Amino acid sequence: MKLYFGSTVTTVTTVMLLALLGFMGYSIINRANVQYWGRRSLFLLVFGLVVCCFAAARDGLDKTIQSAIDGSCAPGLFPLVSLPTVIGCIGALIIIVAAIATPIAKTQRARAIWFFLMSGGTVLKIVTMEIARMIL
C-alpha cells in the first residue's frame with residue numbers, strides 16, 4: 001500500500017494513473033458514441049504527459065539522469081539504461097508517432113486507430129513501470 005500511497009507524490013500519481021486508465025477504458029468501451037477522436041487523443045497526450053512527469057518525479061528519474069551526468073547524487077529507482085526505461089522509451093515513441101499522425105489523419109476512424117495505438121503505448125509504459133516498481 002505504501003508503494004502507491006506512501007507520500008503525496010505517490011498518492012497523486014496513483015490517482016492520476018487510475019484516472020488516465022479510466023479515461024482510456026471509457027473511451028474504448030464507448031467507442032461507438034465517440035464523435036471526435038482527435039480531442040480525446042489530445043486530452044490523452046496532455047494528461048498522459050502530466051502523469052508521466054509525476055511518475056518520473058516519483059521514481060527519481062531526474063536523480064538518475066543527474067547521477068549519470070555528473071555523479072553528484074544517488075540515482076533514482078531505475079538505472080538510466082534498464083529494461084523499464086528502454087520499454088518506457090518505446091512506449092513514448094509509440095505515443096509521439098500517434099500524436100503526430102492523429103491530426104494528419106483524414107477520417108475519425110483513422111483517428112480512432114491512432115487513439116488506440118496511443119493508449120497501447122500508454123498502457124505499455126504504465127504496466128512496465130508498475131511491475132518494475134513492485135519487483136524492486
Side-chain angles (χ1 to χ4, degrees):
M1 207 54 162
K2 188 176 181 178
L3 188 62
Y4 295 103
F5 300 100
S7 71
T8 303
V9 174
T10 57
T11 301
V12 170
T13 303
T14 300
V15 170
M16 288 193 312
L17 280 169
L18 293 173
L20 186 63
L21 290 169
F23 170 74
M24 289 185 299
Y26 178 81
S27 296
I28 292 168
I29 289 169
N30 293 310
R31 65 186 170 272
N33 299 324
V34 175
Q35 294 181 12
Y36 302 107
W37 285 103
R39 292 178 187 171
R40 288 188 181 264
S41 294
L42 179 62
F43 180 80
L44 177 59
L45 178 67
V46 172
F47 189 54
L49 181 60
V50 170
V51 174
C52 186
C53 290
F54 270 81
R58 172 196 68 188
D59 297 337
L61 183 60
D62 57 323
K63 293 176 184 170
T64 299
I65 293 170
Q66 184 177 350
S67 175
I69 291 171
D70 62 14
S72 64
C73 65
L77 187 58
F78 303 112
L80 190 58
V81 179
S82 64
L83 190 59
T85 57
V86 170
I87 292 174
C89 289
I90 292 168
L93 178 63
I94 293 168
I95 293 167
I96 290 168
V97 169
I100 292 169
T102 298
I104 297 170
K106 301 286 185 202
T107 65
Q108 288 300 316
R109 177 162 165 67
R111 289 182 181 150
I113 292 168
W114 287 114
F115 177 86
F116 298 146
L117 285 170
M118 191 183 300
S119 295
T122 303
V123 169
L124 175 68
K125 288 180 65 161
I126 292 170
V127 168
T128 300
M129 292 302 169
E130 297 311 314
I131 289 174
R133 287 181 72 232
M134 286 181 211
I135 292 172
L136 294 177

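For the numbers below, each heavy atom of this structure counts, side chains included, while hydrogens, waters and symmetry mates do not. Just so it is clear, the model here is predicted, and its values are computed rather than measured. Residues take their numbers from the sequence shown, with the count starting at 1.
For the atom pair CG (Leu49) and CG (Leu44), the distance works out to 11.0 Å, reported to the nearest 0.5 Å. Gln108 contributes atom CD, which lies 15.5 Å from atom CZ of Arg31 (distance to the nearest 0.5 angstrom). Rounding to the nearest 0.5 angstrom, the gap separating the CG atom in Leu93 from the CD1 atom in Ile90 is 8.0 Å. Between Asp59 atom CG and Thr13 atom OG1 the span is 8.0 Å, to the nearest 0.5 Å. Here the CZ-SG distance, from Arg58 to Cys53, works out to 12.5 Å after rounding to the nearest 0.5 Å. Separation of atoms CD1 (Ile87) and CE (Met129) is listed at 8.0 Å; rounding is to 0.5 Å.
The two atoms that bring Thr128 and Pro84 nearest to each other are CG2-CA, 3.7 Å, heavy atoms only. Across Ile100 and Pro103, no two heavy atoms sit closer than the pair O-CD, 3.4 Å. Closest approach of Thr14 and Phe5 over heavy atoms only: CG2-CZ, 3.7 Å. The minimum heavy-atom distance linking Thr107 with Ala110 is given by the pair OG1-N, 3.1 Å. Taking both residues in full, the closest heavy atoms of Thr102 and Gly38 are given as CG2-CA, 4.0 Å, listed atom of the first, atom of the second, then distance. Of all the heavy atoms in Leu80 and Ala68, the pair that sits closest is CD2-CB, 3.6 Å.
Note on Leu21 and Phe47: same hydrophobic cluster, where clusters join Ile, Leu, Val, Met, Phe, Trp and Tyr whose side-chain heavy atoms are under 4.5 Å apart, directly or indirectly. With hydrophobic clusters built from ILVMFWY side chains whose heavy atoms lie under 4.5 angstrom apart, Trp114 does not share a cluster with Val123. Val15 and Val51 fall into different hydrophobic clusters, where Ile, Leu, Val, Met, Phe, Trp and Tyr are joined by side-chain heavy atoms under 4.5 Å apart, directly or via other members. Connection of Leu17 to Val12 is established within a shared hydrophobic cluster, with ILVMFWY side chains joined at heavy-atom distances below 4.5 Å, either directly or through further cluster members. Using a 4.5 Å cut-off between side-chain heavy atoms of Ile, Leu, Val, Met, Phe, Trp and Tyr, with links allowed through other members, Phe78 and Phe54 fall into different hydrophobic clusters.
A cation-pi arrangement is absent between Arg40 and Tyr26, since the terminal nitrogen or guanidinium carbon is not both under 6.0 Å from the aromatic centre and inside a 45° cone about the axis.
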Assess whether side-chain contact (heavy atoms from CB on, under 4.5 Å) is satisfied between Leu45 and Ile95, documenting all intermediate values. CA-CA 8 Å; Leu45 178 67; Ile95 293 167; 3.9 Å; yes
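For Thr64 (side chain) and Gly76 (main-chain N/O), a donor-acceptor pair under 3.5 Å exists by modelled atom type. Side-chain atoms of Thr122 come within 3.5 Å of backbone atoms of Met118 as a donor-acceptor pair (strictly under, hydrogens ignored).
The aromatic rings of Phe115 and Trp37 are tilted relative to each other, their planes meeting at an angle between 30° and 60°.
The six-membered or imidazole ring of Phe43 lies near that of Phe23, with a centre-to-centre distance under 6.0 Å.
Summarising the local packing, CZ of Phe116 is surrounded by more than 12 heavy atoms from other residues, nucleotides or ligands at distances under 6.0 Å.
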